[in-house]
Structure formats: C-alpha cells, structure tokens
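If you're wondering where the values come from, they're calculated on a predicted model, not measured in any experiment. Just so you know, ligand 1 is whichever comes first in the structure, and atom 1 is the first atom listed for that ligand. The figures that follow rest on heavy atoms only: side chains count, while hydrogens, waters and symmetry mates do not.
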Amino acid sequence: MKARINGITLAYSDRGTGLPIVFLHAFPLSRTMWATQEEALSRQFRIITIDLRGHGESDAPLWRYTLDQSADDVSALLNHLAIQQALFVGLSMGGYILFAFYRRYADRVKGLVLADTRAQADTEEGKEGRFQMAQTAYKKGPSAIADVMIPKLLSPATIHTKPDLVRQVRSIIEGNQISGIAGDLMAMAERPDSVPLLEQIACPALIIVGELDQATPPSDAKLMADQIRAARLAIIPHAAHLSNLEQPERFNQITADFASEFTKKT
Ligand code: MLT
C-alpha cells in the first residue's frame with residue numbers, strides 16, 4: 001500500500017485487526033525484514049510495517065534526512081490510517097527513530113519494543129565511520145554496503161549455515177537507493193544522545209537484544225532496561241543484530257506476550 005505523506009510516497013503494509021503494532025526497520029533494510037513477524041503476529045494484532053523514507057518501495061529523495069523527519073512521517077501515516085495510539089517496535093535505526101518519535105509524540109505511544117538498538121549518540125569515531133560508508137555507497141553502490149553490513153548484522157553461524165537468509169538480507173539492502181543510504185547515515189550521525197530521555201519514558205517498554213549482537217551489544221540493552229522505569233529485558237540466544245530474522249520464533253513469542261498485556265488492559 002502507498003500513501004502520500006509529507007511530500008513523498010511512503011509504502012507500508014497493514015494486516016490484521018486489533019491492537020495496532022507499528023514496526024520500524026533497521027538500516028539499511030526495508031519493511032520486508034518484518035515478513036515473519038507480520039505473518040505470525042497479524043493473526044492476533046493489526047500489524048503495520050513501513051518502508052521508512054529512503055527505503056524499499058518508498059521514495060528516496062536526494063535531500064537532507066533526519067530521524068525527526070522519519071518520526072513525523074510515521075505520525076502522519078498513523079493519521080492517514082486513523083490510528084491514534086499504537087505499540088511500536090523499532091530495531092536498531094528503527095529504535096533511534098522511536099526515541100525521536102517519543103520526544104515528539106509520547107501521547108501516541110502505548111508501549112515500546114526497543115530491539116537491538118541503543119540510546120547513546122554516535123562517538124566521533126562512529127561518525128567518521130558513517131562518513132566513510134556514505135562515500136562507499138556513493139562510489140560503489142548498495143551491494144558494497146551489503147558486503148560491509150552483513151557481517152555486522154548476522155552472526156558467523158548464520159552466515160555459514162543459512163545461505164538463504166544471507167541472500168534475503170543482501171537482496172533487501174541492494175533494493176535500496178544510494179540517496180536513502182547516504183541520507184540515513186547523515187541522519188544517524190546527527191542524532192542526539194537519548195540517554196537523558198530514558199528516565200522520562202513512562203510507558204511499558206520491552207528491550208530485546210541478540211546475545212551475540214556486536215553492533216548494539218547486550219550492555220547497551222541493559223542500560224536502557226535499567227533507566228526506563230517500566231522496562232524488562234529479553235536476551236535472545238544464538239542471535240546477533242537482526243534478532244528478528246535469526247530467531248524469529250523467539251522474537252515473535254516475546255513480542256506477542258508483551259503486546260497481549262495491552263489487550264488484557266483494554
Ligand atoms: C541498524 O541496524 O539500523 C544499524 O546497524 C544502526 C547503526 O548503524 O547504528
């Protein structure tokens with residue numbers, strides 16, 4: 001499905017009925033990374049997955065990107081779908097966008113699932129890495145970005161034993177445009193420190209992390225779980241950064257259990 005949002009076309013899927021759960025994908029992927037979650041969880045809930053600006057089937061304008069702008073896109077899409085409040089799931093960059101969203105639209109958030117993400121801003125070294133990666137994207141294209149990213153996203157065991165999954169991740173990355181990839185890198189480099197926000201988060205939060213995640217390791221997840229008032233932590237064994245793809249059943253179960261608590265309350 002497509003909608004005209006904030007001057008661009010955004011692609012999204014909307015499946016199932018009941019409590020709306022909005023899924024925000026990682027860098028440099030697209031909403032197709034949530035296919036298994038959409039399939040399983042739409043039996044119980046209304047699952048909305050979005051191709052963020054710059055990704056998948058959404059427009060990728062050659063212009064400035066910010067995480068606040070992505071948060072505004074999500075809010076405008078919810079208006080388009082007549083959804084006032086939802087549960088939000090963000091993995092990695094999706095989590096960074098959820099911090100921006102919470103700053104701007106806390107009243108729309110029933111609960112947060114922060115998966116394989118972190119509250120801290122980039123270090124100077126991290127920003128330099130983003131700059132270099134943007135140059136690689138510009139000069140060599142998305143397949144060079146897939147080469148760099150796949151070892152950061154998936155565990156060595158997954159890379160060696162699940163070639164279909166590796167191919168799937170590669171093809172999602174290669175489906176993105178250079179303008180979107182470079183735009184994201186600039187947006188992530190400029191994002192503020194969200195650690196001070198953590199103690200202001202008043203809604204229930206579930207923090208998920210793959211035990212082998214090196215991009216946003218369990219120590220980052222523990223920091224969020226310690227500082228958000230109503231947070232709990234789930235560490236997924238045998239998963240690295242893309243824990244929803246490496247251990248989908250576990251990820252879906254933890255998320256469904258958390259979401260079910262909201263339906264019991266209403
Ligand atoms: C992601 O998975 O979204 C990225 O690894 C986030 C990042 O590069 O900080």
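Partners of His25 according to the ring pair (Phe, Tyr, Trp, His ring centres under 6.0 Å) rule, which considers only residues two or more places apart in sequence or in another chain, are His55.
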Under 3.5 Å, N/O to N/O: give me all the pairs between ligand 1 and the protein, one per line with atom names and distance.
| unit_1 | atom_1 | unit_2 | atom_2 | d |
| --- | --- | --- | --- | --- |
| ligand 1 | 2 (O) | Phe27 | O | 3.4 |
| ligand 1 | 2 (O) | Ser92 | OG | 2.9 |
| ligand 1 | 2 (O) | His241 | NE2 | 2.8 |
| ligand 1 | 3 (O) | Phe27 | N | 2.7 |
| ligand 1 | 3 (O) | Ser92 | OG | 2.9 |
| ligand 1 | 3 (O) | Met93 | N | 2.8 |
| ligand 1 | 5 (O) | His241 | NE2 | 3.3 |
| ligand 1 | 8 (O) | Arg130 | NH1 | 2.7 |
| ligand 1 | 9 (O) | Tyr96 | OH | 2.6 |
| ligand 1 | 9 (O) | Arg130 | NH1 | 3.4 |
| ligand 1 | 9 (O) | Arg130 | NH2 | 2.8 |

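For residues 105-134, every residue pair satisfying the ring pair (Phe, Tyr, Trp, His ring centres under 6.0 Å) rule, not counting sequence neighbours, is listed here: Phe101-Tyr105.
Salt bridge annotation for Glu190-Arg64: present, with a cationic side-chain nitrogen under 4.0 angstrom from a carboxylate oxygen.
For the pair Ile201 and Phe99, the minimum side-chain heavy-atom distance is below 4.5 Å. In this structure, Ile208 and Thr255 have side chains that are in contact, with non-hydrogen atoms separated by less than 4.5 Å.
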Output side-chain donor-acceptor pairs under 3.5 Å for residues 136-143, partner residues at least two apart or in another chain, one line each.
| unit_1 | atom_1 | unit_2 | atom_2 | d |
| --- | --- | --- | --- | --- |
| Thr136 | OG1 | Gln132 | O | 3.1 |

